[in-house]
*Asks:* 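Would you mind keeping the following structure in view while I ask a few things?
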Amino acid sequence: MTEATRVLVLNAGSSSVKYQLIEMVDGERLAAGLVEKIGEHGGRLVHTPRSGLKRETAQPFPDHSAALKAVAEELAADGLGLDSPELAAIGHRVVHGGKRFTAPTEITDEVLTEIRRLVPVAPLHNPANIIGIEVARALRPDLPQVAVFDTAFHTTIPEYAARYAIDRAVADQHRVRRYGFHGTSHQYVARATAQLLGRDPAELNVIVLHLGNGASASAVAGGVCVDTSMGLTPLEGLVMGTRSGDIDAGVVFHLHRVGGLSIDEIDDLLNRRSGLLGLCGDNDMREIMRRAEAGDEQAELAFKAYVHRLRKYIGGYYAVLGRVDAIAFTAGVGENAAPVRAAAAEGLAELGIAVDPELNSIRSGQARVISPEYARVAVAVVPTDEELEIAQQAYALVHKGW
Ligand code: ADP
């Protein structure tokens with residue numbers, strides 16, 4: 001009998017589906033791809049096989065079902081169809097798992113109902129994840145489907161850090177608390193940092209800085225998350241590409257009462273027209289650094305505001321952890337923007353934090369230490385791999401059942 005050792009990872013967004021097929025024996029990507037603009041004009045599927053050329057198809061995808069069927073066909077064309085006996089599971093990224101889902105979970109009707117019950121706290125994300133699950137279950141009803149939650153890694157945050165200081169009854173009624181997001185990335189990076197340093201994850205205190213378009217920080221004590229910067233929604237915390245991050249909630253009342261903006265307009269403002277974009281008109285850190293270098297004041301201010309917030313979280317999580325062994329930079333900005341890393345660590349030698357300019361300037365896709373040898377805190381660049389983490393968690397779960 002053929003052994004089932006492959007996992008298909010699906011990350012279904014509101015108008016896109018990203019996927020990867022991973023061989024778990026050696027972690028090799030057998031195929032990867034992306035369907036964009038589902039239900040919109042300009043639908044596109046880009047499929048990258050392990051070997052050979054990228055295939056790009058431009059065609060309308062009326063819904064997620066059509067998109068996933070097209071993905072299944074692309075995989076089948078490479079001899080990797082969904083009917084393959086080598087497929088062990090499908091791992092789904094699910095953004096919100098609330099308080100209940102603290103670990104990867106095999107999807108049953110009951111689990112799906114519970115994920116649906118969480119839609120009010122993740123209206124932009126969970127509905128798309130649910131459609132992805134439903135379509136995949138219809139395509140392969142016999143195959144284990146595993147939900148891996150963005151919030152799960154953060155469910156260990158102590159109550160005093162997870163609760164907002166508001167009326168308990170109101171908070172409980174509406175399930176208002178800090179959930180945190182990017183959990184699979186924080187978990188993967190915290191572990192990979194320990195590996196890089198040759199240390200036991202259970203003994204390492206790490207501040208993980210996931211700086212992508214969305215950005216979040218977490219404090220991880222001995223492999224356990226004890227605080228994170230995103231909250232009820234992914235709006236809180238760091239300055240991001242288009243999100244404001246931390247803001248006085250009074251701003252919302254002010255914009256509504258005095259500014260006359262509707263709640264939807266304020267939602268759009270804070271989520272899609274704020275952050276770096278709001279400050280300087282660009283949300284790509286490459287462009288901001290280029291403009292700042294050329295003397296553009298708005299870009300310089302945006303860069304400084306971004307770094308200032310980052311430093312506040314580094315300081316805050318230093319105090320939360322008491323002892324910090326490592327700071328790990330990851331995701332698009334964290335892995336690539338050396339000036340952000342240098343500015344984040346500047347003047348923190350008293351805290352044992354320093355970045356070596358030469359090590360920091362090396363460009364590489366590998367995990368690496370960028371602090372000087374003498375520094376008490378190891379500063380590292382650790383590329384994240386959420387898909388591999390989802391695949392590993394899904395595979396570990398279905399194997400346990402054997
Ligand atoms: P997402 O959150 O969408 O997954 P990524 O982790 O891919 O995003 O990060 C995307 C962001 O990374 C871009 O918007 C850009 O600001 C930043 N970025 C990517 N490459 C570089 C680079 N070479 N230098 C600086 N910033 C970069």
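Keep in mind it's a predicted model, so treat the numbers as computed, not measured. All ligand and atom numbering here is 1-based and tracks the order in the structure.
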*Asks:* Which protein heavy atom lies closest to atom 6 (O) of ligand 1, and at what distance to 0.1 Å?
*Replies:*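 The closest one turns out to be Gly332 N, 2.9 Å.
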
*Asks:* If you count the atoms of ligand 1 from 1 in the order shown, which ones are under 4.0 Å from a heavy atom of Gly212?
*Replies:* 2 (O), 5 (P), 6 (O), 8 (O), 9 (O)

*Asks:* Please answer whether the main-chain N or O of Ser364 pairs with a side-chain N or O of Arg368 as donor and acceptor at a distance below 3.5 Å.
*Replies:*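 Side chain of Arg368 to backbone of Ser364: a pair is present.
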
*Asks:* Which ligand 1 atoms are under 4.0 Å away from a heavy-atom of Met285?
*Replies:* 15 (C), 16 (O), 26 (N)

*Asks:* Only heavy atoms of Met289, strictly under 4.0 Å: list the atoms of ligand 1 that pass.
*Replies:* 25 (C)

*Asks:* Within a 6.0 Å radius of atom CD on Glu40, are there more than 12 heavy atoms belonging to other residues, nucleotides or ligands?
*Replies:*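 Enclosed: over 12 neighbouring heavy atoms sit under 6.0 Å from CD of Glu40.
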
*Asks:* Would you say the side-chain atoms of Ser185 and Thr384 include a donor-acceptor pair closer than 3.5 Å?
*Replies:*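 On atom types as modelled, these side chains qualify, holding a pair under 3.5 Å.
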
*Asks:* Please test His64 against Val17 for side-chain contact (heavy atoms from CB on, under 4.5 Å), starting from the C-alpha separation and ending with a verdict.
*Replies:* CA-CA 8 Å; His64 284 72; Val17 174; 3.9 Å; yes

*Asks:* Nearest to atom 23 (N) of ligand 1, what protein heavy atom do you find, and at what distance?
*Replies:*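 The answer is Asn336 CB, 3.4 Å.
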
*Asks:* Near Leu53 CG, under 6.0 Å, is it more than 12 heavy atoms from other residues, nucleotides or ligands?
*Replies:* no

*Asks:* Does the N or O separation between Asn213 and ligand 1 drop below 3.5 Å for any pair?
*Replies:*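 Looking only at distances, the answer is yes, because the N/O contact criterion of under 3.5 Å is met.
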
*Asks:* What are the atoms of ligand 1, with element, lying closer than 4.0 Å to any heavy atom of Val333?
*Replies:* 12 (O), 16 (O), 17 (C)

*Asks:* Quick one: does Leu211 get an N or O within less than 3.5 Å of an N or O on ligand 1?
*Replies:* no

*Asks:* Any idea which part of Arg363 is under 4.0 Å from ligand 1, heavy-atom wise: side chain, backbone, both or neither?
*Replies:*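 Just the side chain.
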
*Asks:* Would you sort out whether Ser216 and His182 count as a side-chain hydrogen bond (donor to acceptor under 3.5 Å, both in side chains), showing the intermediate values?
*Replies:* CA-CA 7 Å; Ser216 61; His182 291 145; 2.7 Å; yes

*Asks:* Please test Arg243 against Glu236 for salt bridge (Lys or Arg N to Asp or Glu O under 4.0 Å), starting from the C-alpha separation and ending with a verdict.
*Replies:* CA-CA 8 Å; Arg243 292 175 221 154; Glu236 195 180 348; over 6 Å; no

*Asks:* I'd like to check which ligand 1 atoms, numbered from 1 as shown, lie under 4.0 Å from a non-hydrogen atom of Gly214.
*Replies:*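 Counting atoms of ligand 1 from 1, those under 4.0 Å from Gly214 are 2 (O).
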
*Asks:* Just need the protein heavy atom nearest to atom 15 (C) of ligand 1, so name the residue and atom and give the distance.
*Replies:*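 Checking every protein heavy atom, the shortest distance to atom 15 (C) of ligand 1 gives Asp284 OD1, 3.3 Å.
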
*Asks:* Ala337 heavy atoms, cut-off 4.0 Å: which ligand 1 atoms fall inside?
*Replies:* 25 (C)

*Asks:* Counting only non-hydrogen atoms of the protein, does one fall under 4.0 Å from atom 26 (N) of ligand 1?
*Replies:* yes

*Asks:* Looking at Glu114 and Lys99, is any side-chain nitrogen of the basic one under 4.0 Å from a carboxylate oxygen of the acidic one?
*Replies:* no

*Asks:* A quick test of your reading: do over 12 heavy atoms of other residues, nucleotides or ligands sit less than 6.0 Å from CD of Glu297?
*Replies:*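 No, because the 6.0 Å sphere around CD of Glu297 holds 12 heavy atoms or fewer from other groups.
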
*Asks:* Give me the nearest non-hydrogen protein atom to atom 24 (N) of ligand 1 as residue plus atom name, then the distance to 0.1 Å.
*Replies:* Arg286 CG, 3.2 Å

*Asks:* Side chains of Asn336 and Arg363: donor-acceptor distance under 3.5 Å anywhere?
*Replies:* yes

*Asks:* Using a strict cut-off of 4.0 Å, indicate which atoms of ligand 1 neighbour a heavy atom of Ala331.
*Replies:* 6 (O)

